[in-house]
Amino acid sequence: MRTTRFAPSPTGRLHIGNIRTALHNWMIARKEGGNFILRIDDTDAQRSREDFVAAIREDLEWLGLVWDREERQSARLERYEAAFDALRAAGRIYPAYETAQELELKRKIQLGRGLPPIYDRAALALTEEERAAKEADGIAPHWRFRLDHDEPIAWEDGVRGTQTFDPAQLSDPVIRRADGSWLYMLPSTVDDIDMGVTQVLRGEDHVSNTAVQIQMFTALHAAGFAAQHGAAERLPDFAHEALLVGKEGKLSKRLGSLGCDAFRERGIEPEAIIALLARLGTSLPVEPIAERAALLDSFDLSTFGRAPAKFDDAELERINTAIVHQMPFSAVSERLPEGMDEAGWHAVRPNLSTVGEARDWWRLVTGPIDQPDFDEETRAYLGEAARTFEWGDDPWSALTAALKEKTGRKGKALFLPLRQALTGMNHGPDMGELLPLIGEQEARARLASGARRQAPELPDIRP
Ligand code: GLU
């Protein structure tokens, strides 16, 4: 059984990139009857906001990505403290005293010499006395995790294949600030252990974090840091998906701010977002599949490519339109204009690109409509229609068949004036479905009014 987690930091709203990560984690768990955890990464007390937590929940609910369990890092500080103590006792954590400026200067010097900007471990070399002197000077340490340079790092990545890292090429990460607050790296590892996470799927911007965290997992296990809930001492499987980019191939700012709010406003259905994101960047075709079970069946990390996944708004809109055309009345009834029943929905649905547009088409049924100005010949034709008109099971077929016979008109000449008189439009939903909804009395009145309607006087343009 798979346990996955989606771990947003509540420092903003979800955007299309993290919606995708949430979806894939949800899919892995749902496909295998596992657990999907929503973990709020809120150790950064200054930037985390409660309204963002609420918005994240709301967005996931709107998308139908229901989680089995919610966890919060701010409620788990004791666990991080315990992990810190265990690692410190095992010699894997050391205090460091450099200021941000000093570190920046070191990096510049290294880069200037053509060297990679790896932390030089100066703090690790300090003697007891030197540390004591720093602290006597009032310098509080921040804390680094000591990577084991003799322990090569490798994993089989679910998307990227075999990954190897030389730990000596990585900086010992800062895990805790001088004020005691936590950076992302250690709490996340502790959580993944405690919560029995079996699969970590996230963006490829986390690949080097994984390298570091693999050593943290191993060090915590070795230090006897026992998992809560008795989870097994094994590393999760890791997978890093290629990032999402704009159609033009660049990481765009716009994508970073494109969230559920904007989609909802534009009439994009959650199922369209899900259908697109489930397959974007994979070798499977992106199709308007409204059935989640079908998407789950075909979901497979091995179909994910390593090239950036290109997000195209126009593609989302195409999928949305196709999804709307499949939506059953029960899924939309609460969002339809008053009085619009199942037959009404079926009549207008093929003409919609968003559910919201149903309102505009429904006006053709409820009226008032705005008829064009008909010429004399057309008025005569509409008069004929009004006289011929008989109400029955299929009034449109009966009317057009009778008129065809009587007037010899066919095609556009037969249909268009009727459509214009009955709906005020040149195009629109199938008249066979629409006419019964308009109803006999109203239809008669509209035909009669079309027959009466005068063409405007031609302006006199003679000099
Ligand atoms: N809070 C982290 C982020 O949003 C979570 C990364 C992870 O999945 O471990 O990037």
Side-chain angles (χ1 to χ4, degrees), residues 267 288 314 317-318 320-327 329 332 336-337 339-461:
E317 278 175 12
R318 274 196 301 278
N320 192 58
T321 300
I323 294 267
V324 169
H325 294 175
Q326 302 170 46
M327 287 173 82
F329 178 66
V332 294
L336 298 181
M340 188 169 184
D341 58 4
E342 186 157 5
W345 169 244
H346 284 280
V348 305
R349 191 173 68 167
N351 289 74
L352 307 179
S353 39
T354 66
V355 174
E357 289 168 4
R359 197 163 292 279
D360 304 332
W361 290 118
W362 192 238
R363 275 195 210 109
L364 308 194
V365 170
T366 58
I369 58 155
D370 197 9
Q371 286 178 338
D373 296 309
F374 297 112
D375 60 23
E376 210 179 307
E377 196 190 334
T378 310
R379 276 186 281 132
Y381 172 59
L382 292 172
E384 188 61 53
R387 281 189 297 279
T388 308
F389 192 45
E390 267 179 51
W391 195 257
D393 275 353
D394 184 358
W396 176 251
S397 298
L399 174 66
T400 49
L403 282 173
K404 189 173 180 184
E405 170 123 14
K406 266 197 186 165
T407 65
R409 287 188 181 225
K410 50 186 190 223
K412 200 172 158 189
L414 176 69
F415 297 115
L416 186 61
L418 298 173
R419 178 182 282 284
Q420 288 174 328
L422 288 164
T423 70
M425 304 273 297
N426 293 333
H427 68 283
D430 182 73
M431 286 304 299
E433 290 189 58
L434 215 49
L435 193 50
L437 297 166
I438 293 171
E440 180 177 1
Q441 211 183 349
E442 177 70 14
R444 277 192 195 288
R446 289 183 190 179
L447 287 174
S449 129
R452 279 193 308 270
R453 204 169 173 90
Q454 295 290 324
E457 290 280 304
L458 283 176
D460 192 349
I461 49 167

Under a 3.5 Å distance rule, please check whether [X] uses its side chain to pair with a backbone N or O of [Y] as donor and acceptor.
X: Arg446; Y: Thr423; answer: no
X: Glu442; Y: Ile438; answer: no
X: Thr321; Y: Glu317; answer: yes
X: Tyr381; Y: Leu414; answer: yes
X: Gln326; Y: Ala322; answer: yes

Heavy-atom side-chain proximity of [X] to [Y] below 4.5 angstrom:
X: Trp345; Y: Val355; answer: yes
X: Arg409; Y: Pro417; answer: yes
X: Gln420; Y: Met425; answer: no
X: Asp341; Y: Leu437; answer: yes
X: Leu422; Y: Leu364; answer: no

Distance from Trp362 atom CH2 to Asp360 atom CG, nearest 0.5 Å?
13.5 Å
Checking side-chain polar atoms at under 3.5 Å, does Glu357 have a donor or acceptor matched by the opposite partner on Ser353?
yes
Between Ser449 and Gln371, do the side chains contain an N or O donor and an N or O acceptor separated by less than 3.5 Å?
yes
Phe389 six-ring face occupied by Arg444 cation (under 6.0 Å, within 45°):
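Output no; distance or angle outside limits.
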With a 6.0 Å cut-off on ring centres, are His346 and Trp361 close enough?
no
